[in-house]
Amino acid sequence: HSTTGMSVATLVKAVEAGAELIDTSISSMSMGPGHSPTESLVSMSYVRYSQRHRERMNRLLFIDSSLMKTGLREELRPVFHPIVDMRTGLIGGFEALTRWECSGHGNIPPDEFIPLAEENGVIIEIGWFIMEQALDALADDGALGDGKWFVSVNVSPLQFLEVDFVETLERLVETKLVDRGRLKIEITESAISSMEETFWKTSRLLLERGFRFAIDDFGTGQSSLSRLSGFNFDTIKIDRSFVTDIASSERNVKLVRSIMGLSSSLGSIAIAEGIETVEQRDILLAEGCLSAQGYLYYKPLSIEAMRTVLS
């Protein structure tokens with residue numbers, strides 16, 4: 001981890017070195033004879049930009065180093081985002097997500113720590129943490145244990161490419177006495193593109209052993225449709241970027257219509273991500289998309305809140 005972790009530190013040092021060089025140039029310009037108000041304005045604007053940039057770089061360095069510390073698992077917690085049938089409002093399943101309450105610093109948003117965890121390799125530890133939490137929920141009679149619901153877990157390329165990924169996953173499922181058909185392994189389309197042949201080989205092995213797959217953020221990657229069409233994806237998740245502006249973008253409506261056509265031809269379930277308005281819901285239903293997750297229905301729930309909702 002330390003080698004890749006250093007890349008963030010090196011980036012910070014390079015940015016600060018560049019900032020100091022420009023600071024010197026700006027100061028020379030501002031203090032030179034006959035400097036204009038425009039030059040002073042440029043100097044002030046740069047100082048504000050430089051400060052913000054340094055603060056951002058220092059935060060990245062802090063998050064990166066905090067991810068590498070011992071005891072990270074004790075600061076992680078699972079949440080479960082309901083997947084809803086838009087016709088009835090009933091919950092069909094959940095997506096398991098990770099939240100991080102960093103000691104002394106509070107909540108670190110996923111869009112800040114996940115990319116850094118991917119870079120420094122800690123995403124593997126985080127991935128197994130949330131996988132175990134999802135399986136615990138599926139085995140818990142007070143939560144999802146009665147067999148009505150599924151849980152999907154996003155797996156990063158680094159975790160998926162581990163040589164013992166299949167064996168470790170099977171061991172966990174067997175230890176926790178969970179029906180593997182109730183677990184969906186969620187992979188982003190861009191991750192599939194990055195893993196190429198290794199993905200197809202490992203995923204077919206998992207399918208043979210009874211696991212199910214969902215392709216996440218569909219439409220944002222560069223996967224070959226001919227390859228995708230030959231694979232048994234249980235679920236296709238429509239990326240939120242297509243949902244957000246669907247009420248004002250005919251192009252997005254056509255893209256969703258195309259994805260629905262592909263989903264239908266493959267016999268897959270389509271789930272729209274990030275739905276927040278009734279108008280979005282109505283358009284998606286009109287295009288044949290029946291399932292969704294988003295704040296129109298629920299925010300991600302703690303395990304306790306999930307028990308309450310399902311009781």
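Since the structure is predicted, the reported quantities are computational estimates derived from the model, not experimental observations.
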Could you state the interatomic distance from CZ (Phe150) to CD1 (Ile91), rounded to the nearest 0.5 Å?
11.0 Å
With a distance cut-off below 6.0 Å to the six-membered ring centre and an angular limit of 45° from the axis, does Lys237 pair with Phe218 as a cation-pi contact?
no
side-chain contact (heavy atoms from CB on, under 4.5 Å), that's the test. Do Ile130 and Ile126 meet it? Break it down for me.
CA-CA 6 Å; Ile130 196 62; Ile126 294 173; 5.5 Å; no
Reported CZ-to-CG distance for the pair Arg99 and Asn107, which is rounded to 0.5 angstrom:
7.5 Å
Kindly say whether Glu276 contributes a backbone atom to a donor-acceptor pair with the side chain of Gln280 at under 3.5 angstrom?
yes
Lys69 atom NZ, neighbour heavy-atom count above 12 within 6.0 Å
yes
Out of curiosity, does Leu158 fall in the hydrophobic cluster containing Leu169 (side-chain heavy atoms, cut-off under 4.5 Å, transitive links)?
yes
So if you build clusters from Ile, Leu, Val, Met, Phe, Trp, Tyr with side-chain heavy-atom gaps below 4.5 Å, do Ile283 and Tyr297 land together?
yes
Within a strict 4.5 Å, meaning less than it, do heavy atoms of the Val178 and Leu183 side chains meet?
no
Considering all heavy atoms of both residues, which atom of Ala270 and which atom of Ile238 are nearest to each other, and what is their separation?
CB-CD1, 4.5 Å
Is the backbone N or O of Trp149 less than 3.5 Å from a side-chain atom of Arg182, with the two atoms forming a donor-acceptor pair by type?
yes
Can Ser152 and Glu186 be counted as having a side-chain donor-acceptor contact under 3.5 angstrom?
yes
Minimum heavy-atom distance between Pro82 and Gln293, given as atom pair plus value:
O-CB, 3.2 Å
Look at the aromatic rings of Phe233 and Trp200 and report parallel, tilted or perpendicular, splitting at 30° and 60°.
perpendicular
Roughly how far apart are Leu72 CG and Ser66 OG, rounded to 0.5 Å?
9.0 Å
How far apart are the closest heavy atoms of Thr98 and Pro110, and which atoms are they?
O-CG, 4.1 Å
Whether Asp217 side chain and Thr188 backbone form a donor-acceptor pair below 3.5 Å:
no
Phe211 side chain reached by Val166 side chain, heavy atoms, under 4.5 Å:
no
Heavy-atom check, side chain of Phe129 versus side chain of Ile124, under 4.5 Å
no
Would you check, one step at a time, whether the test side-chain contact (heavy atoms from CB on, under 4.5 Å) holds for Val153 with Gln133?
CA-CA 10 Å; Val153 179; Gln133 296 296 314; over 6 Å; no
Give a yes or no on whether Arg240 atom CZ has more than 12 heavy-atom contacts from other residues, nucleotides or ligands under 6.0 Å away.
no
ILVMFWY network linking Val151 to Leu177, side-chain heavy atoms under 4.5 angstrom:
no
Under the 3.5 angstrom rule, does the side chain of His81 hit a backbone N or O of Ala96 as a donor-acceptor pair?
no
Is there a path from Leu262 to Phe213 through hydrophobic residues (I, L, V, M, F, W, Y) whose side chains come within less than 4.5 Å of each other?
yes
Rounded to the nearest 0.5 Å, what separates atom CG in Leu206 from atom NZ in Lys201?
12.5 Å
Worked verdict on Asp245 versus Arg251 for salt bridge (charged side-chain N to carboxylate O under 4.0 Å, His left out):
CA-CA 10 Å; Asp245 299 323; Arg251 177 177 179 273; over 6 Å; no
Would you check if Glu287 and Val253 make a side-chain contact, meaning some heavy-atom pair closer than 4.5 Å?
yes
Distance col, row Arg59:CZ vs Leu116:CG, nearest 0.5 angstrom, shows 10.0 Å
For the student: nearest non-hydrogen atoms of Ser156 and Glu118, plus distance:
CB-OE2, 3.3 Å
Short question: side chain of Thr244, backbone of Ser241 - any donor-acceptor pair under 3.5 Å?
no
Which atom pair, heavy atoms only, marks the closest approach of Ala137 to Phe80?
CB-CZ, 3.9 Å
According to the interplanar angle, ranging from 0 to 90°, do the rings of Phe160 and Phe165 count as parallel (below 30°), tilted (30 to 60°) or perpendicular (above 60°)?
tilted
Do side-chain atoms of Thr202 reach the backbone of Phe199 as a donor and acceptor pair under 3.5 angstrom?
no
Salt-bridge present (Glu95, Lys184; N to O < 4.0 Å):
no
Carboxylate-amine/guanidinium proximity below 4.0 Å for Lys176 and Glu132:
no
Checking Ser268 side chain against Ser264 main chain: does a donor-acceptor pair fall under 3.5 Å?
no
Do the non-hydrogen side-chain atoms of Glu279 and Ile246 ever get within less than 4.5 Å of each other?
no
In the single-linkage hydrophobic clustering (I, L, V, M, F, W, Y; side-chain heavy atoms under 4.5 Å), do Ile215 and Ile271 co-cluster?
no
Go through Ser291 and Met86 one step at a time and tell me if the side-chain contact (heavy atoms from CB on, under 4.5 Å) criterion holds.
CA-CA 6 Å; Ser291 300; Met86 290 189 286; over 6 Å; no
Could you check whether any side-chain heavy atom of Phe62 comes within less than 4.5 Å of a side-chain heavy atom of His105, counting everything from C-beta outward?
yes
What do the steps show when you test Glu112 against Arg56 for salt bridge (charged side-chain N to carboxylate O under 4.0 Å, His left out), and what is the final call?
CA-CA 11 Å; Glu112 287 193 271; Arg56 176 59 181 158; 3.1 Å; yes
Is the shortest side-chain heavy-atom distance between Val79 and Leu301 below 4.5 Å?
no
Trp100 and Leu67: CA distance, side-chain angles, deciding distance, side-chain contact (heavy atoms from CB on, under 4.5 Å) verdict:
CA-CA 10 Å; Trp100 180 22; Leu67 283 167; 3.7 Å; yes
Between the main-chain N or O of Arg54 and the side-chain N or O of Asn58, is there a donor-acceptor pair closer than 3.5 Å?
yes
May I ask you to test the Ile63-Ile108 pair for a side-chain heavy-atom distance under 4.5 Å?
yes
Taking Arg212 for the side chain and Asp234 for the main chain, is one N or O donor matched with an acceptor at less than 3.5 Å?
no
Nearest-0.5 Å distance, CD of residue Glu74 to CD of residue Glu101
14.5 Å
Ile275 and Val243 have their tightest heavy-atom pair at CA-CG1, 4.1 Å
